[in-house]
Amino acid sequence: MEQHRTRPAQYGPRRGRAPLPPQGRGAGGAAVGRVGRAVARPVVGPGAGGGPRRPAAGRPAAGRPAARSGPPVARALRALRGMPNPRLTGLGSGLFCAAVMLVLGFLDQLLFGASLTVYGVLFLPVCLLTALWVRRGDLLTAPVVVPIAFAVGLVTVAESGKGLGGRLMGLVTALATEAGWLYGGTLVAGSTVIVRRIRLLRRRRAAARDRTPA
């Protein structure tokens with residue numbers, strides 16, 4: 001009978017494969033493999049060649065405020081455009097101006113001892129705001145309401161005597177002595193209204209030309 005030869009089992013490491021060191025077996029081998037992979041990765045520096053990273057083009061460097069471009073006049077105009085821009089009616093503009101001047105008169109009496117000069121200086125910006133915030137249809141009311149508001153607020157800072165007659169005499173005297181501030185505020189309001197009116201007419205003419213067919 002033909003007998004089949006059985007190949008004896010070979011114990012020991014196979015040929016062609018290097019045996020693993022004792023540190024690479026088990027859990028230790030996994031840790032070594034992770035360390036090896038971490039070491040094998042190339043370390044990328046902050047910038048090219050390991051130098052410091054440069055800020056991207058068009059972006060200001062960190063810690064340095066962006067330089068404001070434009071002349072001071074342009075920056076002032078942008079700041080004015082960022083302010084509140086309400087639109088008051090003729091009656092609303094009169095109430096606004098009178099209420100503000102009345103409050104400023106009380107503050108002038110408390111802080112500056114009822115100084116007429118301080119009151120007149122504060123009257124000018126109030127006139128400007130009244131002329132800027134009145135709506136287009138009521139532009140002509142701004143130069144009319146500001147003198148009335150001046151007289152209303154002047155009651156709080158004018159020298160008053162005893163009784164109603166003394167108060168009226170003090171008010172008339174204050175109006176006579178502070179007429180320069182009154183005329184100046186009215187001039188500011190009137191000039192602002194005229195400029196706004198001219199701009200409005202130019203816009204209307206430009207819009208009419210655009211609507212006209214060629």
Side-chain angles (χ1 to χ4, degrees), residues 68-207:
R68 297 182 179 180
S69 58
V73 177
R75 292 199 299 269
L77 291 177
R78 285 195 296 267
L80 288 176
R81 291 176 181 175
M83 293 178 60
N85 191 20
R87 284 292 173 255
L88 303 174
T89 61
L91 180 60
S93 62
L95 294 176
F96 164 76
C97 191
V100 172
M101 292 310 302
L102 195 62
V103 173
L104 292 178
F106 280 117
L107 293 178
D108 182 18
Q109 185 179 8
L110 292 175
L111 301 178
F112 302 99
S115 174
L116 295 177
T117 303
V118 174
Y119 180 82
V121 172
L122 295 175
F123 176 64
L124 299 180
V126 175
C127 294
L128 178 62
L129 291 178
T130 304
L132 287 176
W133 288 351
V134 67
R135 65 181 184 179
R136 298 174 182 176
D138 298 326
L139 286 176
L140 298 179
T141 59
V144 177
V145 299
V146 290
I148 301 175
F150 184 85
V152 170
L154 195 61
V155 176
T156 59
V157 295
E159 296 181 0
S160 59
K162 296 180 180 180
L164 181 60
R167 288 183 177 273
L168 289 177
M169 288 300 297
L171 180 60
V172 171
T173 303
L175 284 173
T177 55
E178 304 300 324
W181 296 112
L182 176 61
Y183 294 150
T186 307
L187 181 61
V188 169
S191 303
T192 306
V193 165
I194 291 174
V195 172
R196 289 188 59 190
R197 184 67 178 177
I198 292 175
R199 293 183 60 184
L200 179 61
L201 293 178
R202 288 181 178 178
R203 290 178 182 177
R204 289 179 178 176
R205 291 177 182 176

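In this structure, CH2 in Trp133 is found 11.5 Å from SG in Cys97, a value given to the nearest 0.5 Å. Interatomic distance, Glu159 CD to Thr177 OG1, rounded to the nearest 0.5 Å: 9.0 Å. Note: Ile194 CD1 to Ile198 CD1 = 7.0 Å, rounded to the nearest 0.5 Å. Atoms CG and OG1, from Leu128 and Thr192 in turn, are 5.0 Å apart once rounded to the nearest 0.5 Å. With rounding to the nearest 0.5 Å, the separation of CG in Leu187 from CG in Leu182 is 11.5 Å.
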Exercise. Evaluate the criterion side-chain contact (heavy atoms from CB on, under 4.5 Å) for residue pair Phe96 and Val145; output intermediate values, then yes/no.
Key: CA-CA 10 Å; Phe96 164 76; Val145 299; over 6 Å; no
Quiz prompt | side-chain contact (heavy atoms from CB on, under 4.5 Å) evaluation trace for Leu200 with Arg197 | solution = CA-CA 5 Å; Leu200 179 61; Arg197 184 67 178 177; 4.0 Å; yes
Self-check item: Derivation and outcome, side-chain contact (heavy atoms from CB on, under 4.5 Å), residues Leu154 and Leu116
Solution: CA-CA 8 Å; Leu154 195 61; Leu116 295 177; 3.9 Å; yes
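Thr156 places none of its side-chain heavy atoms less than 4.5 Å from the side chain of Asp108. In this structure, Phe106 and Val157 have side chains that are not in contact, with every pair of non-hydrogen atoms separated by 4.5 Å or more. Side-chain contact between Thr89 and Arg135 is present, with heavy atoms from C-beta onward closer than 4.5 Å. The shortest side-chain heavy-atom distance between Pro143 and Val193 falls under the 4.5 Å cut-off. Between Trp181 and Val121, the closest side-chain pair of non-hydrogen atoms falls below 4.5 Å. Between Arg196 and Leu139 the shortest side-chain heavy-atom distance falls below 4.5 Å.
Between Phe150 and Tyr119, the ring centre distance stays below 6.0 Å.
Closest approach of Ala158 and Gly170 over heavy atoms only: CB-O, 3.8 Å. Nearest heavy-atom pair across Ala142 and Ala131 is CB-CA, 4.0 Å. In terms of heavy-atom proximity, Met101 sits nearest to Leu122 at SD-O, 4.5 Å. For the pair Leu124 and Gly184, the tightest heavy-atom approach, listed with the atom from each and the gap, is CD2-C, 3.8 Å.
Residue-environment remark: CD (Gln109) exceeds the threshold of 12 foreign heavy atoms within 6.0 Å. Applying the 6.0 Å contact sphere to CZ of Arg199 captures no more than 12 heavy atoms from other residues, nucleotides or ligands. In Leu140, the CG atom is not crowded: 12 or fewer heavy atoms of neighbouring residues, nucleotides or ligands sit closer than 6.0 Å.
At distances below 3.5 Å, at least one donor-acceptor pair connects side-chain atoms of Ser93 with backbone N or O atoms of Gly90. Looking only at distances, no side-chain donor or acceptor of Ser115 sits under 3.5 Å from a matching main-chain atom of Phe112.
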